[in-house]
Amino acid sequence: MLKLGGGGGGGGGGQDWACSVAGTGLGGEEAAFEVARLGDPGKAGCRGPGRGCAGIPDSAPGVGMLQAGAGGPARGGQGVEEVGAPAAGGEERPARHPSAPALRLLNRKPQGGSGEIKTPENDLQRGRLSRAPRAAPPAPGMGDHGGQPERSASHAPGTPAGAAAVNGVLHNGFHPPPIQPPRLCSRSLPGGGDAAPPRLPLQPELQPQPPPPQHDSPAKKCRLRRRMDSGRKNRPPFPWFGMDIGGTLVKLVYFEPKDITAEEEQEEVENLKSIRKYLTSNTAYGKTGIRDVHLELKNLTMCGRKGNLHFIRFPSCAMHRFIQMGSEKNFSSLHTTLCATGGGAFKFEEDFRTIADLQLHKLDELDCLIQGLLYVDSVGFNGKPECYYFENPTNPELCQKRPYCLDNPYPMLLVNMGSGVSILAVYSKDNYKRVTGTSLGGGTFLGLCCLLTGCETFEEALEMAAKGDSTNVDKLVKDIYGGDYERFGLQGSAVASSFGNMMSKEKRDSISKEDLARATLVTITNNIGSIARMCALNENIDRVVFVGNFLRINMVSMKLLAYAMDFWSKGQLKALFLEHEGYFGAVGALLELFKMTDDQ
Amino acid sequence: MAECGGSGSGSSGDSLDKSITLPPDEIFRNLENAKRFAIDIGGSLTKLAYYSTVQHKVARVRSFDHSDKFPFRPSPGKSTPASRLLVPPPRVSHLRRHQDSHGLQGRQKSSALLRVPRGCVSASSPPRGSAHTRVPHPHPQDTEQDHEPPYEISVQEEVTARLHFVKFENTYIEACLDFIKDHLVNTETKVIQATGGGAYKFKDLIEEKLQLKVDKEDVMTCLIKGCNFVLKNIPHEAFVYQKGSNPEFRFQTNHPSVFPYLLVSIGSGVSIVKVETEDRFEWIGGSSIGGGTFWGLGALLTKTKKFDELLHLASRGQHTNVDMLVQDIYGGAHQTLGLSGNLIASSFGKSATADTEFSKEDMAKSLLHMISNDIGQLACLYARLHCLDRVYFGGFFIRGHPVTMRTITYSINFFSKGEVQALFLRHEGYLGAIGAFLKGAEQDNPNQYSWEENYAGSSGLMSSSPELCPTQRPRSGTFDLLEMDRLERPLVNLPLLLDPSSYVPDTVDLTDDALARKYWLTCFEEALDGVVKRAVASQPGSVDAAERAEKFRQKYWNKLQTLRHQPFAYGTLTVRSLLDTREHCLNEFNFPDPYSKVKQKDNGVALKCFQRVIHSLDALGWEERQLALVKGLLAGNVFDWGAKAVSDVLESDPQFGFEEAKRKLQERPWLVDSYSKWLQRLKGPPHKCALIFADNSGVDVILGVFPFVRELLSRGTEVILACNSGPALNDVTYSESLIVAERIAAMDPVIRSALREGRLLLMQTGSSSPCLDLSRLDKGLAVLVRERGADLVVIEGMGRAVHTNYHAALRCESLKLAVIKNSWLAERLGGRLFSVIFKYEVPAE
């Protein structure tokens with residue numbers, strides 16, 4: 001491993017990449033992943049993960065713990081509480097802390113040493129979020145849970161509401177159960193796992209190069225070599241990417257092999273190496289690219305190789321710059337095909353080919369979504385469950401995030417909330433149907449919020465929503481009937497008309513942008529919940545799994561959905577959520593890469 | 001015109017916007033007798049309902065022989081509503097039976113009694129030509145009293161029950177309440193039923209102004225009650241909206257069973273209600289994304305305050321500038337999922353990423369699509385869950401706005417893949433008021449009656465689509481009216497209909513057939529002068545007849561103009577609806593029966609010829625006689641004042657007679673000619689019971705129908721002769737038929753014994769239309785038809801057998817015969833003027 005040693009010298013990684021970029025004559029500035037302000041102290045995060053991996057077996061708990069620890073401070077510090085404010089208001093605070101933004105922010109940077117993550121201020125996205133108060137330093141003690149086992153965090157929840165209580169919640173929003181039951185889902189098997197025995201990525205017998213056919217082009221030579229790079233003939237060559245190009249966001253998963261032998265390291269072409277380093281040593285790429293460090297799956301065996309799976313996203317509008325960069329970095333010299341799903345796989349196929357000389361392997365997005373979801377759930381989230389639900393969803397006081405074992409997931413209704421929403425009924429691994437969809441999705445929330453409040457990002461919109469009160473904007477049943485509408489058993493507090501109060505000019509003049517953002521969020525979320533619930537009834541399915549990036553850092557919506565499923569079905573329906581919300585399509589695409597190679 | 005601008009024709013309405021100096025007789029009519037008020041106050045519109053009685057002049061016929069001991073009772077069957085002779089057959093129900101209490105004297109006082117001295121047979125004009133069968137025809141200008149009238153006619157006041165519904169903007173509510181207070185005399189009403197979101201807000205105002213106690217009624221209950229009511233009582237109430245077709249409204253024939261259905265009410269929010277029976281309904285779901293969301297969010301996004309303006313903006317916008325489409329994500333269609341590239345993947349998705357400014361129009365359009373699609377999707381999901389395929393949409397979001405009907409329809413089609421139809425209601429805006437009224441009137445059992453939309457007093461469905469009616473001002477500021485007349489008895493399907501759910505009375509849909517529409521509208525316009533003249537002439541003693549006739553002309557003319565622009569205003573436009581509208585308008589101005597005297601004379605003259613005709617028929621051999629009988633039926637049918645070609649002949653040649661009529665007939669083979677088949681049938685066993693729908697008075701019924709009836713009776717077939725309950729043109733009415741039958745019975749033993757023995761039964765149809773809707777027939781008739789096991793239906797005349805029922809499929813044998821007395825129609829059918837339709841049909845085994 002090349003540079004992994006330099007624990008503290010994190011910044012170097014970024015620099016190196018930048019250098020290498022420069023070296024290959026590629027304009028880093030223009031790239032989608034423009035390396036912005038590399039000198040930032042925040043970037044100094046080192047390749048902790050790499051090292052962590054080296055540490056292997058224990059790393060998972062360690063990571064989890066560290067995330068747990070890290071979760072607290074960020075939340076406390078950032079006043080993120082509001083983000084998660086559930087429908088019912090303030091009482092729910094403790095539970096809602098798990099709000100993802102906090103996590104993400106915290107986790108953004110690996111800290112030195114154990115691979116613990118710290119929260120660098122300079123994070124680009126964070127900068128954009130520009131949460132004003134960006135308050136106090138992390139709650140004392142939170143940051144240094146370092147080596148403690150994950151469950152140590154469980155002591156916190158008892159604390160009263162407020163920051164402390166907040167911090168009591170594990171990073172992923174769980175109140176840790178008294179005794180964390182051993183995860184049932186095996187985290188070893190799936191996909192590539194069985195392709196090779198986990199033990200030895202680098203067995204000698206794998207080394208022999210295939211008889212080199214006519215290598216007329218350097219690219220081909222390169223390809224041949226890369227075959228070896230991934231350690232085995234029937235493995236695809238590195239780098240391993242899976243890509244999901246959606247309407248708003250591009251989701252990219254990158255498998256970083258951590259079992260690279262010295263030999264391999266030497267063989268690794270410069271391009272490949274620099275990509276690896278660039279991706280793993282940064283958490284932000286260019287102005288808009290973000291690596292969701294907190295989601296990283298560590299010490300994963302895929303296709304016989306051990307490594308970490310990284311989760312990266314950037315806006316779809318940066319797609320062209322991304323392709324441009326691919327071209328400039330001569331990406332095509334590494335890879336013949338890039339597995340991509342989502343609409344953009346079709347939309348940008350031509351551009352990939354003509355601009356970057358990259359042949360996209362287009363994949364069905366729903367296939368990918370399901371395969372990716374099943375895979376991630378099966379490997380678990382670094383030793384913790386991927387799937388969770390909310391206990392007592394109708395009682396704000398008692399509503400708590402709880403792990404859910406999705407070992408036996410069928411049938412399930414899968415609600416994928418991206419820019420728009422697709423609803424699938426999944427009966428088995430490869431038996432599913434798209435039931436319906438709605439155009440009122442994350443894109444609608446953000447689009448309306450932008451128009452109504454002038455905000456520019458999802459984070460900003462959510463932050464506003466967290467502070468707002470939708471009941472100023474919406475017309476409630478009691479606004480019309482003076483109380484409950486008993487004839488139909490409707491509670492007075494139910495929303496009768498979303499934005500209904502905005503019919504009146506006086507009311508329009510009296511509401512805040514935050515109220516509007518909140519109303520938009522609640523409207524869109526409840527509507528999705530309503531459609532999902534009807535689909536579940538029509539399909540006779542009682543498990544409803546909500547995924548998609550609309551739920552990212554969006555505790556309000558999750559709790560609303562959990563509430564709506566439970567309340568309107570009188571407890572018959574269960575809303576389930578997954579930690580890797582929006583990345584399953586990309587993971588599914590990556591899995592296809594392995595399958596492809598198998599097929600060959 | 002009552003529409004007051006709503007139709008674009010009423011100049012009187014122009015002043016209404018600013019103040020309520022409204023023509024009281026046109027907006028809040030018949031307030032003097034009003035009782036049982038109900039009010040539905042919505043977000044912007046108020047709907048007021050009241051029950052009132054209307055005094056009408058009605059022409060009554062009465063035999064000179066007052067002995068009242070007509071011996072011929074109809075069937076002894078227990079449930080048979082006997083055709084009680086000489087009891088004035090009420091056309092519409094009597095709230096108070098005025099004439100009964102007044103007695104003859106009072107009647108004579110209050111009426112223009114047209115008593116003509118009894119003459120003798122010889123007094124009739126001398127027949128010319130072949131004396132035996134020649135029947136002279138009376139002519140209208142004939143003022144000589146040389147014909148013996150067979151009965152007397154009196155014009156009486158009849159009281160009928162009517163429901164009035166008035167819709168106006170909330171801004172006028174105070175002025176309207178004041179107006180009502182000022183005009184509301186002698187009412188014993190103490191309570192007003194109120195519903196709608198605004199009922200609470202205006203409660204005090206109403207109580208103070210009207211001195212009535214406000215009784216709040218549940219909104220949804222009222223809505224459902226109203227919906228059930230209109231679905232049951234108004235044909236063509238429901239329609240589908242078809243973008244791009246002309247016109248865009250496609251009316252549905254009423255399904256015999258109204259239930260179950262789904263009602264999606266899109267007010268500020270959305271309520272989805274499953275209605276299972278008259279009284280059972282269930283709120284099965286809803287959505288907070290509704291009209292209020294469109295309005296509220298739209299106001300925020302576009303700074304446009306009014307709902308209508310928002311819709312207007314939306315109708316001009318391009319949603320693709322704001323929405324993220326499938327093609328924006330995929331670069332084209334989504335092949336594997338079969339999603340077209342034009343589908344919206346994410347509403348407002350582009351506004352999340354693009355930095356551009358979006359136009360108000362585009363945002364409004366996108367919002368409209370978003371909300372309509374969402375509602376449509378939910379409605380489909382609920383419909384599927386509850387296995388319902390009829391989904392009615394209502395609420396202010398819909399309320400006749402083509403834009404929203406279009407988007408909702410699109411959405412329903414898309415999400416249900418065509419399995420569910422989005423249906424809209426013509427009187428959707430009135431449902432709450434109707435329901436509230438019905439709740440308050442429960443003790444009157446309004447549901448046991450049938451009701452009929454009064455075309456004269458109702459505004460009709462207005463399109464707010466500017467391209468459809470360019471002259472029309474925006475909807476706001478107009479008063480919209482609905483009036484419904486109560487009918488004496490419930491109307492039901494003819495039990496002999498093959499499939500009541502698919503039965504369509506009308507042959508030509510003029511909403512659909514633009515060419516035919518143009519022709520008939522012009523035809524009715526051209527005939528208007530004659531109708532006006534006839535109306536005036538029918539009331540020689542009346543001082544204001546000319547004035548009223550002129551008002552009638554204006555009203556009907558305006559209706560015709562409205563229908564030119566908006567043929568869908570009263571449901572499917574048909575010749576029948578044009579005729580019915582004319583009858584309603586005539587009634588409105590107290591011309592209840594302009595043809596009463598004509599009919600009286602015609603009947604008198606024809607009666608005199610009856611025996612001669614019978615003799616000559618009896619002289620014929622069996623086979624010859626059958627043809628002569630059929631020709632007689634057809635020739636009689638030529639005497640039709642409803643047909644312009646004929647009325648011209650009759651006006652210009654008063655001597656035009658039965659024989660001339662026969663000569664006018666097309667020679668066999670007729671245009672449609674299944675006579676041979678009929679003859680063959682007649683050689684077989686007799687029918688058990690024949691149901692005959694008679695057409696015109698005079699020659700037609702007396703010399704055409706009765707001889708035919710006589711033959712059937714002789715064969716051993718029982719006969720039910722069904723005539724209109726109320727007058728229409730020169731059609732024979734039930735009460736006239738009773739007198740005619742009485743006279744004939746006096747002359748003819750066959751008829752006499754048949755009447756006496758209940759083998760010939762005279763019944764009323766429940767209708768006052770020159771046409772015939774077999775799905776709305778008097779219940780007594782339907783019961784009798786079932787009891788007697790009728791196995792032959794004879795429908796006679798252009799109005800009943802050609803304009804309507806030409807394609808009607810029955811479960812028994814049927815005979816449809818008519819003479820085409822309209823050259824345009826004849827040409828359309830491939831024939832000429834006076835072509836003959838003789839359609840004998842036997843249902844497939």
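The sequence lines fix the lettering, A, B, ..., with proteins before strands; numbering per chain opens at 1.
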### Query
Which region of B:V219, side chain (C-beta onward) or backbone (N, CA, C, O), has a non-hydrogen atom less than 4.5 Å from a non-hydrogen atom of chain A, or is it both or neither?
both

### Query
Relative to chain A, which of B:F348, B:W283, B:Y200 shows the most heavy atom pairs under 4.5 Å?
B:W283

### Query
Where on A:E349 is there a heavy atom nearer than 4.5 Å to chain B: the side chain, the backbone, both, or neither?
neither

### Message
Between A:I245, A:V495, A:I531, A:L537, who has the most heavy-atom pairs with chain B when the cutoff is under 4.5 Å?
### Response
A:I531

### Query
So, do B:F393 and B:V270 sit near enough that their side-chain heavy atoms are less than 4.5 Å apart?
no

### Message
Heavy-atom pairs under 4.5 Å with chain B: which of A:V473, A:L440, A:T248 has the most?
### Response
A:L440

#### Entry: chain B contact via A:N538 - which portion, at a heavy-atom distance below 4.5 Å
both

### Message
Only pairs of heavy atoms separated by less than 4.5 Å count here; which of A:T523, A:V477, A:L366, A:L452 has the most with chain B?
### Response
A:L452

### Task
Measure distances from B:M220 to the heavy atoms of chain A and classify the residue's part below 4.5 Å as side chain, backbone, both or neither.
both

### Task
Might you work through the ring-ring contact (aromatic ring centres under 6.0 Å, His included) test for A:H320 and A:F348, ending with a clear yes or no?
CA-CA 8 Å; A:H320 274 114; A:F348 296 107; 5.3 Å; yes

### Task
Please state whether the side chain, the backbone, both or neither of B:F414 comes within less than 4.5 Å of a heavy atom of chain A.
neither

### salt bridge (charged side-chain N to carboxylate O under 4.0 Å, His left out) contacts touching residues 528-540 of chain A (sequence neighbours left out)
A:K433-A:E539

### Task
Sort B:L378 into side chain, backbone, both or neither according to what part of it lies under 4.5 angstrom from a heavy atom of chain A.
side chain

### Message
So for B:M324, is it side chain, backbone, both, or neither that comes closer than 4.5 Å to the heavy atoms of chain A?
### Response
side chain

### Query
Which residues, numbered in order, of residues 289-299 of chain B come under 4.5 angstrom of chain A by heavy-atom distance?
B:I289, B:G292, B:T293, B:W295, B:G296, B:L297, B:A299

### Task
Go through the atoms of B:L343 and report whether side chain, backbone, both or neither lie under 4.5 Å from a heavy atom of chain A.
neither

### Message
Which residue in the set A:T444, A:I423, A:V415, A:V421 passes side-chain contact (heavy atoms from CB on, under 4.5 Å) when paired with A:T438?
### Response
A:V421

### Heavy-atom pairs under 4.5 Å with chain B, option from A:N526, A:D474, A:T436 with the top count
A:T436

### Task
Would you tell me whether B:D323 and B:S366 have side-chain atoms, one donor and one acceptor, within less than 3.5 Å of each other?
yes

### Task
Go through A:G500, A:S498, A:G437, A:G247 and name the one with the most non-hydrogen pairs under 4.5 angstrom from chain B.
A:S498

### Summary
Across all chains, not counting sequence neighbours, the ring pair (Phe, Tyr, Trp, His ring centres under 6.0 Å) partners of B:Y330 are A:F346, B:H334

## Note on the structure
Listed by number, the residues in residues 503-513 of chain A that come under 4.5 Å of chain B (heavy atom to heavy atom) are A:M503, A:K505, A:R508

### Query
Can B:N170 and B:T46 be counted as having a side-chain donor-acceptor contact under 3.5 angstrom?
yes

